[in-house]
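For the single chain, residues carry numbers from 1 onward in sequence order. Excluded from the calculations below are hydrogen atoms, water molecules and symmetry mates; all remaining heavy atoms, backbone and side chain alike, are included.
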Amino acid sequence: MTTPRKERTGVLISRAAALIVVVTVVGLLPWLSGRDPALSVLRARSAEQEPTEEALRAVREQLGLESGPVALLGEWLGAVVRGDLGRSWVSGGEVLPSVLSGLGVSLALMGAALFLALVLACSLCARTLIRGARGTLDTSGGGGTGAPAAALAALPEFLIATLLMVALSVWLGWFPPYGWQEPRHLVLPALALGIPAGGLLGRLAEDALPAVFAERWVELWRSSGCTPGRIGRAALRRALPAVLPQLGLVAVGLTGGAVAVETVFAVPGIGRTALGAAESQDLPLLQGSVLALVLLGLLAGLIAQTARRWMLGPGLRDASLSLPARRPARAGRLRVAVPVACAVLLVVVIGWGLLLDPLYVDTAARLGAPSGAHPLGTDALGRDVLARVGHGAATTVGIAVLVCLGSYLLAMIVGFLPALASGASETANAVPPVIAGILVAAVLGPGPLGASIAVALVSWPALAAHAAALVQETRAAGHLTAQRAIGSPPRWILLHHLLPAVAGPVARHAVLRLPGIALALASLGFLGLGAQPPAPEWGLTLSESLPYVERAPWAVLTPAAMLLLLAMLAVSLSTLPAPAAGRGPIARVRARALRPERSTAR
């Protein structure tokens, strides 16, 4: 059994390993990209200069590239420790001032987003908190489905940013759509980042509070005459330590989401700086920006963990704080109808669009409104939006299925090595998909392959951690001890007990992650790191139509609506209760395991 102290040590080691891996990859980017670093520098400085061998040799001598990647990595790390991030390959200026300037803007944006997220989280769980404090909360099945909070948490930041720009800037004119000159420019980007973060925190708090109010001390305090306000404050303090570790993940989400949001609203933050450096192959600026983003996420996670230990106090620091498990609520008709309706709408639109040509250009119908010939209008080139959305499903959803399948297979293999799965999960949590996409695009170049690899790198560890937990639980079961005692071979136990008990739950987990993987691929396509024109990928289609949102909002809202339906499908599936005990596949496997096996008797 792993002690809490060893667990904390493992977490610190895994986070340190994540930092070392990311720093090493960032430091070796000039060679991992497969391009001649000297050629990249020469083209960045003067695109017209002929790349002769003499010119390339001069650049290599100036930058010290002839010493090799390992030596240059050591020099770069030594310079980083001294606070020197080098000079930009494009502008020739020092990288550190640019990184600090962008970091200051991003910190202001993330601070405002975190404040809005906390306000939204309090609003989402206020009803559960008030009812629980007053004693009117049904704690047997939970105080609510958590569907509104889950819906907000599932929406990608770039999609919220697009919808906010269309509604509050273009249609209503309340806020400016671009820039960073006055406080009004902060509102829309902070909302785009804060809404999904607040939804996540609100859902976690709403899930934790009913379990707290079901504890015996609450009834004792209520019978002693304590006011509902005092009970509510104590319950909130009791539930917060279970939620605080997720603040680190929220901060990581803010870090990755800031790249897309800063791009949409033209905010000069560190995320937009990193993306611009990746597009221009300015590797020193990219190295400094990515390093700042990763350190920011790790620092936020460390602060959240420290706050949790402070709230627990010295008496509980070495004890794991767990809340009682909640019994799943029964699935109502509405909760079943929502995923069915979302799936039907997606199938109808995609099937209709597949009958049309996504690459046919009608210049006379550029930015055309919805009509009989073009039911959802046309884009800036005169291509049918419905056709591009239908065919884009093959790129967006089809690649997501392959990534999900690969993640599942890899998770099933790694899941039988619990220590490796835990460390990999911590490493993945430290790198958002967008940051992984920037790094992979710097190595392989933008495209569907790089986007798929980037999303897969941060998708499989969560499944592997789930598989590892199930493997540990199943191996410790009493019926497996009995099987070993009667001489069952390890292969028999693996094939007939361990795999059936692990494969099903992890497969359902992978299916629930499928829409999220598709949304991550769409976000990379939106940023130009995924599919390239003229591919009809949903994120790319949304990005291409965004400059014309004032003249043709339908070209933006159609792919946004498809992504929204995909997010709603993910939410509705995730909020459905698990099969009742005794009816699910795990229960059937365990029931069969308890019966005598004829093959082992022989």
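Using a 4.5 Å heavy-atom threshold, the side chains of S543 and L527 count as separate. Residues L376 and W554 have side chains not in contact (no heavy-atom distance under 4.5 Å, counting atoms from C-beta outward). With a 4.5 Å cut-off on side-chain heavy atoms, M165 and V264 count as touching. Contact of the L546 side chain with the T162 side chain is registered, since non-hydrogen atoms from C-beta on lie closer than 4.5 Å. Using a 4.5 Å heavy-atom threshold, the side chains of V440 and L457 count as touching. Counting heavy atoms from C-beta outward, V259 and R272 have side chains that stay 4.5 Å or more apart.
Without hydrogens or angle criteria, Q532 side chain to G530 main chain gives a donor-acceptor distance under 3.5 Å. Looking at E157, its side chain never comes within 3.5 Å of a backbone N or O of A192 through a donor-acceptor pair. Side-chain N or O atoms of Y408 include none that pairs as donor or acceptor with a backbone N or O of V403 at under 3.5 Å. Of the possible polar contacts, none joining the R383 side chain to the L359 backbone as a donor-acceptor pair under 3.5 Å is found. Distance alone, capped at 3.5 Å, is enough to place a donor-acceptor pair between the S523 side chain and the A520 backbone.
V349 pairs by the side-chain contact (heavy atoms from CB on, under 4.5 Å) definition with L386, V389, M562, not counting sequence neighbours.
Rounding to the nearest 0.5 Å gives a distance of 13.0 Å between OG1 of T396 and NE2 of H391. The NE2 atom of H374 sits 9.5 Å away from atom CG of L356, with the distance rounded to the nearest 0.5 Å. C404 contributes atom SG, which lies 4.5 Å from atom CD1 of I517 (distance to the nearest 0.5 angstrom). Atom CG of residue L565 and atom CG of residue L346 lie 5.0 Å apart, to the nearest 0.5 angstrom. With rounding to the nearest 0.5 angstrom, the CG atom of L286 is 11.0 Å from the OG1 atom of T273. Taken to the nearest 0.5 Å, the CD1 atom of I270 stands 12.0 Å off from the CG atom of L275.
Here the closest non-hydrogen pair linking S545 and V556 is O-CG2, 3.3 Å. Taking all atoms of both residues into account, the shortest heavy-atom contact from L540 to A535 is CD2-O, 3.4 Å. Between A560 and L163, the closest heavy-atom pair is CB-CD2, 4.1 Å. Closest approach of L193 and A113 over heavy atoms only: CB-CB, 3.6 Å. For the pair I160 and L191, the tightest heavy-atom approach, listed with the atom from each and the gap, is CG2-O, 4.5 Å. The two atoms that bring E537 and L521 nearest to each other are OE2-O, 3.8 Å, heavy atoms only.
Legend: salt bridge (charged side-chain N to carboxylate O under 4.0 Å, His left out) pairs involving residues 438-452, not counting sequence neighbours: none detected.
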Query raised in the report: Yes or no on side chain to side chain contact (heavy atoms under 4.5 Å, CB included) for L563 and F158, after CA distance, side-chain angles and deciding distance?
Result: CA-CA 11 Å; L563 293 169; F158 79 94; 3.7 Å; yes

Report task. Would you sort out whether V506 and M412 count as a side chain to side chain contact (heavy atoms under 4.5 Å, CB included), showing the intermediate values? Result -> CA-CA 8 Å; V506 177; M412 288 297 298; 4.2 Å; yes

Report task. Would you sort out whether L120 and L116 count as a side chain to side chain contact (heavy atoms under 4.5 Å, CB included), showing the intermediate values? Result -> CA-CA 6 Å; L120 180 59; L116 292 175; over 6 Å; no

Query raised in the report: Does the side chain to side chain contact (heavy atoms under 4.5 Å, CB included) test come out yes or no for D384 and D379, once each step is laid out?
Result: CA-CA 7 Å; D384 190 87; D379 63 6; over 6 Å; no

